[in-house]
Amino acid sequence: MPSMNMVQALNSALDLALTRDPDTLIFGQDVGYFGGVFRVTDKLQQKHGVTRCFDAPIAEGGIIAAAIGMGAYGLRPVVEIQFADYILPAFDQLVSEAARLRYRSGGQFSAPLTVRSPYGGGIFGGQTHSQSPEAIFAHISGLKTVIPSNPYDAKGLLLASIADDDPVIFLEPKRVYNGPFDGHHELALKTWADHPMGEVPDEYYTVPLGKAAIVRPGSALTVLAYGTMVHVAGAAIEESGIDAELIDLRSIVPLDIDTIVASVKRTGRCVIVHEASRFGGFGGELSALVQERCFHHLRSPIERVAGWDTPYPYAFEWDYFPGPARVDAAMRRTLEP
Amino acid sequence: MPSMNMVQALNSALDLALTRDPDTLIFGQDVGYFGGVFRVTDKLQQKHGVTRCFDAPIAEGGIIAAAIGMGAYGLRPVVEIQFADYILPAFDQLVSEAARLRYRSGGQFSAPLTVRSPYGGGIFGGQTHSQSPEAIFAHISGLKTVIPSNPYDAKGLLLASIADDDPVIFLEPKRVYNGPFDGHHELALKTWADHPMGEVPDEYYTVPLGKAAIVRPGSALTVLAYGTMVHVAGAAIEESGIDAELIDLRSIVPLDIDTIVASVKRTGRCVIVHEASRFGGFGGELSALVQERCFHHLRSPIERVAGWDTPYPYAFEWDYFPGPARVDAAMRRTLEP
Amino acid sequence: MSDTNKLHLHIPAPKARPGDAVTFDHMAIPAAGKLRRPEIKAPEDQLRDLPYDLIRVLDDEGNAVGPWNPSLSADHLRRGLRAMLLTRLFDDQLFRAHRQGKTTFFMKSTGEEAIGAAQSLALGASDMCFPTYRVVSWLMARDYPVVDLVNQIYSNASDPLKGRQLPILYSARDYGFYSLSGNVGTRIGHAVGWAMASAYKQDDKIAIGYIGEGSTAEGDFHEALTFASVYRAPVLLCITNNQWAISSFQGIAGGEATTFAAKAIAYGIPGLRVDGNDFLAVHAATIWAAQRAKANLGATLIELFTYRAAGHSTSDDPTKYRPATEAQAWPLGDPLERLKQHLILIGEWSEERHEKLTVELTEVVKSACREAEAIGTFGKSRPGTREMFEGVYKDPDWRITEQRRELGV
Amino acid sequence: MSDTNKLHLHIPAPKARPGDAVTFDHMAIPAAGKLRRPEIKAPEDQLRDLPYDLIRVLDDEGNAVGPWNPSLSADHLRRGLRAMLLTRLFDDQLFRAHRQGKTTFFMKSTGEEAIGAAQSLALGASDMCFPTYRVVSWLMARDYPVVDLVNQIYSNASDPLKGRQLPILYSARDYGFYSLSGNVGTRIGHAVGWAMASAYKQDDKIAIGYIGEGSTAEGDFHEALTFASVYRAPVLLCITNNQWAISSFQGIAGGEATTFAAKAIAYGIPGLRVDGNDFLAVHAATIWAAQRAKANLGATLIELFTYRAAGHSTSDDPTKYRPATEAQAWPLGDPLERLKQHLILIGEWSEERHEKLTVELTEVVKSACREAEAIGTFGKSRPGTREMFEGVYKDPDWRITEQRRELGV
Ligand SMILES: Cc1ncc(C[n+]2csc(CCOP(=O)(O)OP(=O)(O)O)c2C)c(N)n1
Ligand SMILES: Cc1ncc(C[n+]2csc(CCOP(=O)(O)OP(=O)(O)O)c2C)c(N)n1
Ligand SMILES: [Mg+2]
Ligand SMILES: [Mg+2]
């Protein structure tokens, strides 16, 4: 099977989507001739034509608005927002329009769009190239939020998102575009070539939304993570020698509650890891759900490992970014009698 | 002491703010000559002059942007967003600019603005006149979020918010503007005239941000609420005969964690109530915090009573709106052995 | 440069407030028939005077004059008159229904009926309209069942929107009428996207999007026009300038400094300023812009100059912020009266026929209301509670199913 | 109307891509000195031709000609030249520093140095600039300590922004330079609000806000201009049209359909289109607009027509999307060379003096870098980790204090 990094896997997914469905088109800032600042749409315009993959004005709200209108017409637009930090200008279009259209129109109209966006930290991008805004989307009824952690899932989840008839926010952890990153920034970079999930079929396939992956089975405790944090948690588990079960949520809406609950009921302990600021982050919802559904099985407090409650601090990246050491400490706290 | 409804109390606060500080000014849609669609700025333009309280274009982002610039100059703007649902077009200005300015500029600039907005349901306002978006603000480091539940607090908290040197989102539960509403929509309306918190001094005073109020002491369980839900929970407690402790958070950022934790440690049980959709709502953060800090004191699962995970459904208001019955059921569940 | 003269902050104010004498003398009204009608292929730099003029066809006597006269058939004009009159009667009836507690909310389009009616009849059945809440006459002109409007307003068991939406925020896909919502400004960009999609598919359908003059201040307006200009979208973008945005006069949206039609110049597209109370002028401008759109010449911005004769909504009392007599003083008159006058003048209508039509349409509205009330007014009947949980997504996830179970529906 | 001809979607494309021959023949460049300079009190309707012309003072030989010639003193011109040259040398030095791994990121303003330099010197010390990341020459012209720029870029222990901000996103309140951020478009409205505040206080300070031509597509731009027009804010709103937005040519922002200066017409304010590579023209236009602002005549939109000669940032390789030789072919030349040529022509400068100045400023930059590097380059030195937790709010709440304790700082 060919080996791909996440950028190549996403590019392959988009290439297939354009090939299979004439009603699918792509637009966004710099995605056309240039192929995107992260190269995810590389060569797609050249291969499929200028109207299938083209540059958009620097107007995120306008991009989403146009995509909603195209969806109402019957197309399946896939748009790129250059950084997840820049989805915010389009937040109203996503919440007040895309998320509500099917409901309020009694099903007459819907917004089957996919909003791709590089997200998360670890690249010294500073305040506006590093944020993880997933929690504010997860709270919005009508939106789905997908976050892959590896090339194989990225391709399958993106194709599933494009095929989905509802608006999907597809957040791409840019720190793992070119290789799995476990938080050990002091060590040499790894590539996807040596990683099993870097093996990606050329063909069309989907990974269903709402189905979590048990990355590593274990009995001592359950670690819930998504995106880059799956690799950070994996490293922490490996290095600690703790027999933790690691679950990659893959999509937070829909959320695979059954897999989560079954695991925590077995282990009795739970650590939640995300990059986003802790307060009001998605970890709060996860903690509440686990607590509500596994209360009598819990043997210690559910722990949250997350970014601090500060803006994303450029020079303090590794003090802010939740690394293996913080995950390790949290796991040990949950194991205290 | 004069009796005021919440609209009058807010108007009194704004009148005092304009009188005391020439650097305070008010603008927003229809707040000038007309005095605001909810009459909160009634007569302020006539009394203080057109440049102190004036109409703004229908451009929420522009309103916040202008207020940030005024703050950078040295003014203390108080803006009204006509409905909290319409803060969303300004979300990027609030998150990427107002919330970050002090931090990113090394303290050279700050954004001491107050954003007032009528919020919440119970008035048959349908999808875009009923929402409770507090969770998406609570997640943003750099913003404060205040939600009064009665006239006395409304005036004191608004004056404290205006005096605060950081950006404050001030959400006014419009359902209790004219009287306490306990969710019994089938019963006659109550007025603030018969309510102790409807007694509001004419003078300037503040209610500190970050200090919760124990509305009703109790020992059986702790109910956490804010805004309209304080009254709903109060009714549920009274009718149930359960000796619950009712805490009105008053501000969710800063959050009075000490009062919350002390109470739950005493009662060992906790019910969280809010109008906003449940999934990803602020109840998740509260549940997680309580669980983390009171785990060994908890005798039953923390319950959340909230709006359903749907858009705000116009004709189904009373099926969606969390009423006393749902709070009662949740309290009883927490009391089950 | 002298720093001595102090700055001051300008706050726009309308010419008259309650108690003041009403005057529209400051408003220059060009005579009907004078403005040229350019070729649709005319380059934008030859059209830059149009936004400062006013396209008018009907003169004060009711004659149709000048190059913009669309020379419509009498049948077409009568269809327009019918749609406008039906809208007027419908508005009055449902406004009363609100006062009688049959609904929680209602909005009238009194004085603006010509706009939706003329444009609905000018455009094709498969074109798509992205409306504001003031163009219900679009649906009236296409014979949308009045009873379904009332069912929606009453949110009864037959509400096509299943009780999920505030009264008058209709959606009627089969009638080329896009889903409304309570927030303003956001859907004009959907019109552009829809038009881009039609062009992308090499289809021949065009879109028309509406926005109120007050809402043009939203960033959405600018982003929509930017997209329309950049991709030459086949779309008509219409600003209904009815002088008021709730209590704010159009000066708060920029109307003191220039016309709303002039905003077209920022995007290098034509901007037409049209007498919105003149059915023929609205039709003519719409056809001109539609032909440009269909000829791949791109978007046109149309300012429909009119006046909001009624309150903003049932929640509003306009006498609090403008003279009560302002509506009557509006120099461009009543669109219904002006079309009627024209039809009578050309011998295609009479007071008698108008009387008969009024009676007929009053009965249409009344019987629709009766039919709807038989099902139920607000609160008396409504769609199954289960509808609250449907349609959040195409397929519900566990949250919805669990919560539906918790509520027991 | 014929429905037979099919629609198609127009996607703008630049005249030349890598491999194509470069030509700017399609670009009409009016001769210097020809355009009239209107009275600042001239009504907007007499200024509507200006956005389609180009204010130029320096002709091809370097003579200052025409009514816009500001007749600046040689000292003023030399100060401008110094600021521009310092910026150029600084950019080159720090770009190299990035290649050497001393910082993670850098952006140049090569070819655009005249803009910040001329406007910084034209406006008052207490006026406030709301910059983009391409007007560092504003600070150079006001003798901001170069070492502090480098300290910020290295995020070392002396970084004035305490390690919290991406390199080059400076903030320098005492130099009339507002806080930058990585997101584009959002701060132009702050400039308007600041100017409104000055007017509200009956102060005499004015504001100047910048935005790139690509970013004018953001709704923020429109809302800012709407506020500026409605409240007649004393503000200069400047669009630096450097032809490119990363890989997107200005046509993607609407430049195919009209000029960016023409956007002023939508708001009923004057729009000036200025040769951005002409120090004298930029100065003259700035003074004209500043006088209007200070005379309570409101805002002016200024398009500064220039070219982004370098890559977008250190992350960008422009040869991937535009011909490598395009920069040299830019018909309006190099702002630095043109001002130098003028000064020499009028006998106030020489190649020798330029050589000496280059040597002197090279040393200024080098010594600033040495000084900063002595403190530390990126990663080698930085503010105390505690700074990560400071300044989120004026006073930290329990979350910050707890988390700081958890991290042990
Ligand atoms: C985003 C948003 N902001 C504010 C409002 C509140 N609001 C409802 S209608 C209205 C006035 C709209 O005026 P205009 O655009 O002129 O339309 P008109 O009512 O005159 O037809 C306002 C401010 C809203 N619905 N949505
Ligand atoms: C809101 C937002 N959207 C997108 C970006 C990504 N981005 C950074 S710079 C840039 C191009 C800006 O072009 P222009 O406004 O012309 O300024 P220039 O770089 O040419 O000076 C883009 C798209 C951003 N920083 N912020
Ligand atoms: Mg209006
Ligand atoms: Mg540019």
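Just so it is clear: chains get the letters A, B, ... in the order the sequence lines come, proteins before strands, and each one is counted from 1.
- For chain A, the option among C:D397, C:I400, C:V392 with the highest count of heavy-atom pairs below 4.5 Å is C:V392.
- For the pair C:S313 and C:Y133, the minimum side-chain heavy-atom distance is 4.5 Å or more.
- Interface remark: C:V192 contributes no atoms to any contact with chain A (heavy atom separation under 4.5 Å).
- The residue among C:D174, C:D203, C:I188, C:D159 with the most heavy atom pairs within less than 4.5 Å of chain A is C:D203.
- Chain A forms the most heavy-atom pairs under 4.5 Å with one residue out of C:A191, C:A172, C:A195, C:A224, and that residue is C:A172.
- A donor-acceptor contact closer than 3.5 angstrom is absent between the side chains of A:Y226 and A:H274.
- Contacts of A:I63 with chain C are made by both backbone and side-chain atoms, with heavy-atom separations under 4.5 Å.
- A cation-pi arrangement is found for A:R20 relative to A:Y204, the charged atom lying closer than 6.0 Å to the ring centre and inside a 45° cone about the ring normal.
- Contacts of C:R386 classified as side-chain hydrogen bond (donor to acceptor under 3.5 Å, both in side chains), with partners at least two apart in sequence or in another chain: C:E390.
- Looking at residues two or more places apart in sequence or on another chain, you find no ring-ring contact (aromatic ring centres under 6.0 Å, His included) involving C:F105.
- Residues A:E60 and A:I64 have side chains not in contact (no heavy-atom distance under 4.5 Å, counting atoms from C-beta outward).
- With chain A as partner, the option from C:T186, C:L166, C:N183, C:L161 having the largest number of non-hydrogen pairs under 4.5 angstrom is C:T186.
- A:I140 touches chain C through its backbone: at least one of N, CA, C or O sits under 4.5 Å from a heavy atom, while the side chain does not.
- Per-residue counts of heavy-atom pairs under 4.5 Å with chain A were compared for C:A207, C:P160, C:G189, C:G163; the largest is that of C:G189.
- Heavy-atom distances place the side chain of C:F227, and not its backbone, under 4.5 Å from chain A.
- For chain C, the nearby part of A:Q93 is the side chain; its heavy atoms alone come within less than 4.5 Å.
- A salt bridge links A:R266 with A:E245: the closest approach of a Lys/Arg side-chain nitrogen to an acidic carboxylate oxygen falls below 4.0 angstrom.
- Heavy atoms of A:A67 lying under 4.5 Å from chain C are absent altogether.
- In this structure, chain A has no heavy atom under 4.5 Å from any part of C:Q152.
- Using a cutoff of 4.0 Å between basic side-chain nitrogens and carboxylate oxygens, A:K47 and A:D15 are scored as salt-bridged.
- Looking at C:L169, neither its backbone nor its side chain comes within 4.5 Å of chain A, counting heavy atoms on both sides.
- Chain A forms more heavy-atom pairs under 4.5 Å with one residue of C:E387, C:R187, C:E223 than with any other, namely C:E223.
- For C:Y231, the part lying under 4.5 angstrom from a heavy atom of chain A is the side chain only.
- Residue A:D258 does not touch chain C at all, counting heavy-atom pairs closer than 4.5 Å.
- Ranked by heavy-atom pairs under 4.5 Å with chain C, the first of A:A72, A:S96, A:P22, A:P77 is A:A72.
- Counting heavy-atom pairs closer than 4.5 Å to chain C, the top-ranked of the candidates A:G106, A:P112, A:G62, A:A56 is A:G62.
- A side-chain donor-acceptor contact under 3.5 Å links C:N151 and C:N156.
- When only modelled atom types and interatomic distance are considered, A:D248 and A:S149 share a side-chain donor-acceptor pair under 3.5 Å.
- Proximity to chain A is absent for every atom of C:F221, based on heavy atoms less than 4.5 angstrom apart.
- Both the backbone and the side chain of C:K394 come within contact range of chain A, with heavy atoms under 4.5 Å apart.
- In the model, C:Y200 has a side-chain atom that pairs as donor or acceptor with a side-chain atom of A:R52 under 3.5 Å.
- Donor-acceptor pairing under 3.5 Å is recorded for the side chains of A:T128 and A:Y86.
- Of the residues listed (A:L25, A:T24, A:T19), the one engaging A:H48 in a side-chain contact (heavy atoms from CB on, under 4.5 Å) is A:T19, and it is the only one.
- For a residue to count as touching a neighbouring chain, one of its non-hydrogen atoms must lie under 4.5 Å from one of that chain's; by this rule A:I257 touches chain C with backbone and side chain alike.
- Comparing A:S141, A:P57, A:G61, A:P254 by how many heavy-atom pairs each has under 4.5 Å with chain C, the most go to A:P57.
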